[in-house]
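One structure below.
Only this structure's heavy atoms are used, side chains among them; waters, hydrogens and symmetry mates stay out.
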Amino acid sequence: MSDDLFHGVLLDVNRTVRSSGIPGKLAEFDGWMVADSGTGIDGLNQAMVLEADGAVRSLESVEQWFNARGAGFHLVLRIPGDEAVFELAKARGYAQTRSQPLMAALMPLSSYPLAAGVTAAIVRDAEDIRNYLSVRESGPGRPPHDEEAKVIAALVATGKLHYFVAMDDGVPIATASSAVSGAVVSISNVWVAETARKRGLGTAMTAIAAASHREAEWAILEASAMGDPVYRRMGFEERFRYVRLAPPQASAVS
C-alpha cells in the first residue's frame with residue numbers, strides 16, 4: 001500500500017473526529033487541512049498538507065485562518081512528501097519541534113498475552129472513560145480530564161473510534177485506541193503507566209487495538225522514541241516521518 005494512502009487514512013481519521021459533534025473546527029482549502037481543537041491549547045491545533053503544490057503557494061492562508069480564530073498551531077508535514085512546504089516554512093522562521101515515524105505492518109498482527117492478572121476491555125461508559133484518562137496525567141499539552149472525557153464520550157458514541165483500558169486488580173494501567181479507514185486501522189494513544197512498564201503491556205494493547213478491526217489489511221501508527229523499538233519487534237516498519245513545525249511567534253514556547 002502506498003504512503004499516500006497511509007497519509008490519507010490519518011486525514012480521514014481527523015475528518016471523523018471533527019464531524020463527531022465535539023468542539024473545534026476543521027476546514028480544507030488551498031491544499032491544506034486545518035484543525036482548531038477548540039481546547040485553547042495551541043499544540044493540539046494543526047495544519048496538514050492535502051496537496052503539496054497548492055499548499056506551498058498558500059501557507060500564508062493557513063496563518064490567516066488561525067490568526068482569525070485567535071489560535072496558535074503547528075504544521076504537521078510528511079517527509080518525504082512535503083519537502084517544498086518544509087523549506088518554505090523554515091525560510092519563514094518556523095522551528096521544528098518534533099519528528100516521529102509513521103510505521104505500518106500487515107494485518108493480522110500476532111497476539112500478545114497480557115501480564116498475569118491484567119484484563120483489558122473496550123471503553124463503553126463514563127466510568128471506563130475515567131479509568132482510561134487516569135492512566136496518563138493531565139498536563140500543559142492536554143485539556144483537563146473533564147473536557148477530554150466529553151470528547152471521548154462523543155467519539156465512542158459514533159462507534160467509529162475504539163478506546164481500550166487495561167486494569168490490574170482494579171487499577172487502570174494501560175490504554176490504546178483505534179480507528180479504521182478503508183483497509184487500514186490507525187492505532188494511537190498507546191500508553192502504559194510508569195509503574196506498570198516492562199511487562200509487555202504496550203505490545204499487548206497495540207495488538208488488542210488492531211484486532212478490534214478484523215477487516216483491516218494494514219495497521220499504522222506514529223511511534224514515539226520509547227515505542228519505536230517495541231513496534232519494530234512487532235513487525236512495523238517506518239514508511240515516512242511526520243515533522244511538526246511551530247510558527248515563529250510560538251517556537252520559543254513550544
Side-chain angles (χ1 to χ4, degrees), residues 10 13-26 35-46 66 69-74 76 97-98 100 114-115 117-179 186-199 201-202 204-206 208-210 212 221-227 230 242 244 246 250 253-254:
L10 293 189
V13 171
N14 276 328
R15 293 184 182 104
T16 297
V17 169
R18 293 297 153 200
S19 64
S20 301
I22 65 174
K25 175 71 173 179
L26 181 142
D36 178 352
S37 67
T39 63
I41 299 173
D42 292 349
L44 298 180
N45 305 334
Q46 62 186 29
F66 282 104
R69 299 182 66 82
F73 69 101
H74 283 72
V76 181
T97 60
R98 191 169 72 194
Q100 288 186 318
L114 289 163
V118 176
T119 60
I122 194 166
V123 169
R124 298 187 185 279
D125 56 29
E127 182 178 359
D128 292 341
I129 292 172
R130 286 192 295 270
N131 287 334
Y132 175 94
L133 290 171
S134 70
V135 174
R136 190 173 182 179
E137 293 183 1
S138 186
R142 297 181 65 199
H145 278 178
D146 58 343
E147 293 183 14
E148 195 168 358
K150 294 176 183 177
V151 170
I152 292 174
L155 296 175
V156 167
T158 69
K160 297 177 180 179
L161 282 84
H162 297 171
Y163 292 80
F164 303 87
V165 61
M167 309 284 287
D168 186 0
D169 196 23
V171 178
I173 58 170
T175 65
S177 65
S178 62
S186 174
I187 302 164
S188 58
N189 298 310
V190 178
W191 190 261
V192 179
E194 190 170 353
T195 56
R197 291 175 184 168
K198 307 296 184 183
R199 298 170 61 187
L201 288 166
M205 293 300 287
T206 300
I208 287 169
S212 70
L221 49 76
E222 291 183 65
S224 65
M226 184 186 302
V230 174
Y242 279 118
R244 288 173 61 89
V253 296
S254 296

How about CG on D169, more than 12 heavy atoms from neighbouring residues, nucleotides or ligands closer than 6.0 Å, or not?
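No, not enclosed.
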
Distance, nearest 0.5 Å, that separates [atom1] of [X] from [atom2] of [Y]:
| X | Y | atom1 | atom2 | answer |
| --- | --- | --- | --- | --- |
| D36 | R18 | CG | CZ | 7.5 Å |
| L201 | T206 | CG | OG1 | 10.5 Å |
| M167 | D128 | CE | CG | 8.0 Å |
| M205 | L114 | CE | CG | 7.0 Å |
| E222 | I187 | CD | CD1 | 12.5 Å |
| E194 | R136 | CD | CZ | 12.5 Å |

Closest approach of [X] and [Y], non-hydrogen atoms and distance?
| X | Y | value |
| --- | --- | --- |
| Y132 | N189 | OH-CB, 3.2 Å |
| T39 | S37 | OG1-OG, 2.7 Å |
| S177 | Y163 | CB-CD2, 3.7 Å |
| A193 | V135 | N-CG1, 3.9 Å |
| L133 | E148 | CD2-CD, 3.6 Å |
| A71 | D42 | C-OD1, 4.2 Å |

Taking side-chain contact (heavy atoms from CB on, under 4.5 Å) as the definition, give me every residue that meets it alongside S224, ordered by chain and number, with sequence neighbours left out.
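So S224 forms a side-chain contact (heavy atoms from CB on, under 4.5 Å) with Q100, M226.
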
By side-chain contact (heavy atoms from CB on, under 4.5 Å) - contacts of K150 (at least two apart):
none

With the side chain counted from C-beta on, respond yes when [X] and [Y] share a heavy-atom pair under 4.5 Å apart, and no when they do not.
| X | Y | result |
| --- | --- | --- |
| V151 | P143 | no |
| V171 | T195 | no |
| I208 | H162 | no |

Please step through side chain to side chain contact (heavy atoms under 4.5 Å, CB included) for the pair N45 and R69, ending with a clear verdict.
CA-CA 11 Å; N45 305 334; R69 299 182 66 82; over 6 Å; no

So which of S186, S188, S212 actually passes side chain to side chain donor-acceptor pair (under 3.5 Å) with S178?
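The residue from S186, S188, S212 that satisfies side chain to side chain donor-acceptor pair (under 3.5 Å) with S178 turns out to be S212.
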
Pick out which of T158, V17, I152 makes a side-chain contact (heavy atoms from CB on, under 4.5 Å) with I22.
V17

Worked verdict on I173 versus V118 for side chain to side chain contact (heavy atoms under 4.5 Å, CB included):
CA-CA 9 Å; I173 58 170; V118 176; 3.9 Å; yes

Go through the structure and list residues passing ring pair (Phe, Tyr, Trp, His ring centres under 6.0 Å) with F66, not counting sequence neighbours.
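For F66 the ring pair (Phe, Tyr, Trp, His ring centres under 6.0 Å) partners, ignoring immediate neighbours, are F73.
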
